[in-house]
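Just below is one structure, and these are the notes that go with it.
Read the numbers this way: they start at 1 and go in the same order the structure lists the ligands and their atoms. All values derive from a computational prediction rather than experimental measurement.
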Amino acid sequence: MSRTALRICPLCEATCGLTLTLEGTRVTGARGDREDVFSKGFICPKGAAFGAVDGDPDRLRAPLVRRDGELREATWQEAFDAVAAGIRPVVERHGPHAVGVVLGNPNVHTMAGILYPPVLLAGLGTRSVFTASTLDQMPKHVSSGLLYGDAGAIPVPDLDRTGHLLLIGANPLESNGSLCTAPDFPGKLKALRARGGTLTVVDPRRTRTAALADRHVAIRPGTDALLLAAMAQVLFEEDLVDCGELTPHLQGLGELREAVKEFTPEAVEAACDVAAGVTRALARELAAAPTAAVYGRIGTCTVPHGTLGSWLVDVLNILTGNLDRPGGALFPQAATDRTPRPAGPSHGFALGRWHSRVSKYPEAKGELPLSALAEEIDTATGEGEPIRALVSIAANPVLSAPDGDRLDKALSSLDFMVSVDPYLNETSRHAHVVLPPPPPSQSPHHDFAFNTLAVRNQVRYTRPAVPLEPGRMAETEILARLILAATGMHGADPSAVDDMVIRQTLGKAVEQPHSPVHGRDPGELAAALTGVSGPERRLDMMLRLGPYGDGFGARPGGLSLEKLLAHPHGIDLGPLASRLPQPLKTRSGKVELLPRPIADDLPRLREALDRLPEGLVLVGRRHLRSNNSWMHNVPALTGGSNRCTLHIHPEDAERLGVRDGAAVRVKGAGGEVTAPAEVTDGVRRGVVSLPHGWGHDRPGTRLSHAAGEPGVNVNQLLDGSLLDPLSGNAVLNGVPVDVTAAAGTRTPPS
Ligand SMILES: Nc1nc2c(c(=O)[nH]1)N[C@H]1C(S)=C(S)[C@@H](COP(=O)(O)OP(=O)(O)OC[C@H]3O[C@@H](n4cnc5c(=O)[nH]c(N)nc54)[C@H](O)[C@@H]3O)O[C@H]1N2
Ligand SMILES: Nc1nc2c(c(=O)[nH]1)N[C@H]1C(S)=C(S)[C@@H](COP(=O)(O)OP(=O)(O)OC[C@H]3O[C@@H](n4cnc5c(=O)[nH]c(N)nc54)[C@H](O)[C@@H]3O)O[C@H]1N2
Ligand code: SF4
Ligand SMILES: [Mo]
């Protein structure tokens, strides 16, 4: 007997609604849910392969505990006993900072990964916190923190209504979008053009996204900030600045004008390799469009001037009056956002409140650069303690972060490591305890993170499609128990964690004059929460306190878990709307256009004007059927064009004697890899491209399919020393490399 169940897809930021077909407890099919209020039936090949991802036989079924050097299956009780015994002595002997925490990307794709890590960090009190954000979007957080006073206030391009999209350093036809949650991003780009709008793509590669564009600018990697600064300069010089209704909310326009003055199109021409006339045209088109949005992503963030580039994306939206207006870039309002407080000056955003122990990198958003994890473990200094114990949740930094070989060694030297991960992979193989979460079909889903970045306000929740298999533990419970074991409360009831959060949240809410529950009794509110589990009660609480919530009766008809459950395909909350000045949390209560740390970083951008690379530079790329480091083990999603090859331009290939399909050696500051060449004019001259997340050839993993075509780890070419200084974000694009034909080796055809 087959049946169907709804499940929001957790495999990328688009959050499509899926209809799963189930035979017993096995997922045998997945199609787009046509009634989903947001995704309306859209699906991509990864979502269609949900069953294969979910049912991968290599997924761990039981916890693993290291005994006599070997990882062996154990009971949950034994596993958490080992966690408590591993972490507590480190805290007691060496203090909280000797326990590191690494949070990887899939945390933003699970309810557990959003609800519990903040509690863990608060409980441990460690400053040794590292997340995938510093391999990704930390520059955007810092830019938002400085401009708006809130690192989480990220404007999203209004894809459905904009008249002109300048898309820079992003490839949504492969990635399906990022920091812009939009099911069917490709369809939205086509619709933009169909309604007479224009699409400009800036990317050193002629991607599938670029192929859709009215104009493709093949910029030199690492120079987006220069191009965007020059566009801002043109807007000022040609009197095209028109901030419209934003004007009363802005501070520092005159200073900004001065700051970008020297970045003329002519001045940046050589560095960007973009003709001055093109830069002027880009600026004029942006200003002339009835509505427009500038949107930047990985290629704009993961470069030496990532924060400046991210800041300039917003600056251009502001100078053309497109920030916070329909058709421009707006701040979404998610159902679980906190109740909006009244607009006005706030505490602002602080950077560098503490520094990393070894290289003295400043913290950003409470995090240290993931690039510095290895040195924080393997390097002793006069002050402070190295990391001796590590908690890794949904993270595979051995492949995802720079210099995996060094990190690999560092991890093997730890006194204790616990990984919460479904796979025994390049990183979790070092753990003393591996705690495997159940597959996604057995987990509930709500997109806490991506709803705050969605192109339409909406809310959806799906309960587990199938019950937990015997012997499984929900990831929410795994993390709650992990918190208890790591913070000296081992063995307590895991619901104590949720109860504590609920008590604290409601206790605060009743004291806030702007809260719908101001002055009420928190105990009575807690008793009113519904839901079959701690995480469900927390979701109910957040919905009811949130901007659309029922306010525990104060706003009848408002959102609650109960109401959401009655709408299995979700509830549409309308198009994005103007919100300023409410989201601003700067000290001035205004958008601070030229914050001090940005102004102080501009001289470094000036130096980049006359620094041209001598040889080739490396950029990354993503493939629609891949996902970072963990999807190469699913046969349905590998093979074909999804391969770890080095893209190289025909002229560069000829000059270097590199033949299509032949092995090439690529050398960078952190090491060397050999990969097959794919000669293609899809990359510009002077640029080579390798995808990330490959290199599945280390011993001691359990990735039987991925090991068959392991690929190479592109991040071995990096030594971890190249960072965007303001955000601590790793430089992953525009990295200098040497490429030589690997004599005599010819890789077999695939
Ligand atoms: N060179 C280069 N490097 C890059 C990038 C690049 O563009 N170029 N991109 C960077 C970016 S943007 C990111 S976000 C990072 C991502 O890098 P990571 O943060 O390492 O994330 P993933 O590789 O997606 O997955 C990490 C781990 O999560 C596990 N996992 C999967 N599902 C679940 C789950 O439901 N629960 C738990 N607990 N674990 C799960 C996987 O098995 C895997 O071990 O890589 C970065 N690295
Ligand atoms: N299929 C698939 N989807 C994914 C992922 C995946 O691994 N696979 N990962 C998910 C994650 S974690 C993220 S963060 C998002 C990322 O989403 P995107 O940012 O859309 O993804 P990328 O494909 O990395 O796109 C970056 C583009 O920037 C270009 N680029 C490189 N350097 C520069 C530069 O200096 N300037 C400019 N202008 N362009 C440059 C690259 O050629 C590339 O085309 O994708 C998410 N979705
Ligand atoms: S686009 Fe993303 S969310 Fe949608 S089906 Fe594909 S992987 Fe899943
Ligand atoms: Mo990412």
Side-chain angles (χ1 to χ4, degrees), residues 7-18 30-33 36 38-39 41-50 53 104-106 108-109 131-138 140 166-186 201-210 216-228 272 274 295-306 309 313 400 440 447 450 617-632 637 642 647 682-684 687 689 691-693 731-735:
R7 193 356 165 144
I8 301 163
C9 180
L11 303 180
C12 89
E13 299 184 30
T15 73
C16 303
L18 305 179
R31 57 194 151 82
D33 170 18
D36 184 287
F38 190 36
S39 64
F42 179 78
I43 190 174
C44 87
K46 283 196 299 299
F50 182 96
V53 173
N105 171 276
V108 282
H109 295 277
T131 85
S133 295
T134 51
L135 306 172
D136 186 345
Q137 83 288 1
M138 190 57 92
K140 195 76 207 171
L166 172 62
L167 198 147
I168 177 162
N171 186 12
L173 262 79
E174 305 286 354
S175 70
N176 272 307
S178 178
L179 298 187
C180 175
T181 282
D184 198 11
F185 207 127
V201 171
V202 182
D203 196 307
R205 300 185 306 120
R206 195 180 60 248
T207 59
R208 285 171 59 220
T209 308
H216 170 214
V217 179
I219 193 169
R220 193 193 311 280
T223 66
D224 291 4
L226 288 171
L227 176 77
L228 297 170
C272 300
V274 176
Y295 161 70
R297 231 9 311 267
I298 286 293
T300 303
C301 276
T302 58
V303 288
H305 305 281
V313 163
S400 308
D447 282 294
F450 298 120
V617 294
L618 175 80
V619 300
R621 68 175 191 270
R622 283 173 160 78
H623 192 284
L624 183 56
R625 286 184 297 114
S626 191
N627 187 30
N628 296 328
S629 76
W630 69 278
M631 223 166 271
H632 299 135
L637 292 172
N642 185 12
H647 285 184
V683 280
R684 52 163 279 158
V687 176
S689 168
H692 71 284
V731 173
L732 304 171
N733 280 289
V735 179

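At least one N, O or S atom of C16, from either the backbone or the side chain, sits less than 2.8 Å from atom 4 (Fe) of ligand 3. Not one N, O or S atom of C12 sits under 2.8 Å from atom 8 (Fe) of ligand 3.
At least one heavy atom of T207 sits closer than 4.0 Å to an atom of ligand 2. Contact analysis leaves T300 out of contact with ligand 2, as no non-hydrogen atom separation drops below 4.0 angstrom. Look at G734 and you'll find every heavy atom at least 4.0 Å from all atoms of ligand 2.
Of all protein heavy atoms, the one lying nearest to atom 3 (N) of ligand 2 is S175 CA, 3.3 Å. Given atom 24 (O) of ligand 2, the protein heavy atom at minimum distance is R622 NH1, 2.7 Å. The protein heavy atom nearest to atom 40 (C) of ligand 2 is P204 CD, 3.3 Å. Here the heavy atom of the protein found nearest to atom 1 (S) of ligand 3 is N176 ND2, 3.2 Å. When hydrogens are left out, the protein atom nearest atom 25 (O) of ligand 2 is N171 N, 3.5 Å; that is the closest non-hydrogen contact. If you check which protein heavy atom lies closest to atom 31 (C) of ligand 2, you get N733 OD1, 3.3 Å. Ranking the protein heavy atoms by distance from atom 36 (N) of ligand 2 puts D224 OD1, 2.8 Å first. Looking only at heavy atoms of the protein, atom 27 (C) of ligand 2 is closest to D203 OD2, 3.4 Å. Taking atom 1 (N) of ligand 2 as the reference point, the nearest protein heavy-atom neighbour is H623 O, 2.7 Å.
Of the listed residues (G177, G169, G693, A210), the one carrying the non-hydrogen atom nearest atom 28 (O) of ligand 2 is G169.
With a 4.0 Å heavy-atom cut-off, ligand 2 is reached by the side chain of V619 but not by its N, CA, C or O. The proximity of A170 to ligand 2, defined as any non-hydrogen pair under 4.0 Å, involves the side chain as well as the backbone. Residue contacts with ligand 2 for Q137 are absent, since no atom lies close enough (heavy atoms, distance under 4.0 Å). Only the side chain of I219 comes within contact range of ligand 2, with a heavy atom under 4.0 Å; no backbone atom does. At a heavy-atom distance under 4.0 Å, only backbone atoms of T15 (N, CA, C or O) approach ligand 3. Heavy atoms from both the backbone and the side chain of I298 come within less than 4.0 Å of ligand 2.
The closest side-chain heavy-atom distance from R621 to V683 is not below 4.5 Å. The shortest side-chain heavy-atom distance between N628 and H692 falls under the 4.5 Å cut-off.
Taking every heavy atom of C9 and a limit of under 4.0 angstrom, the matching atoms of ligand 3 come to 3 (S), 5 (S), 7 (S), 8 (Fe).
At least one N or O atom of E174 sits closer than 3.5 Å to an N or O atom of ligand 2.
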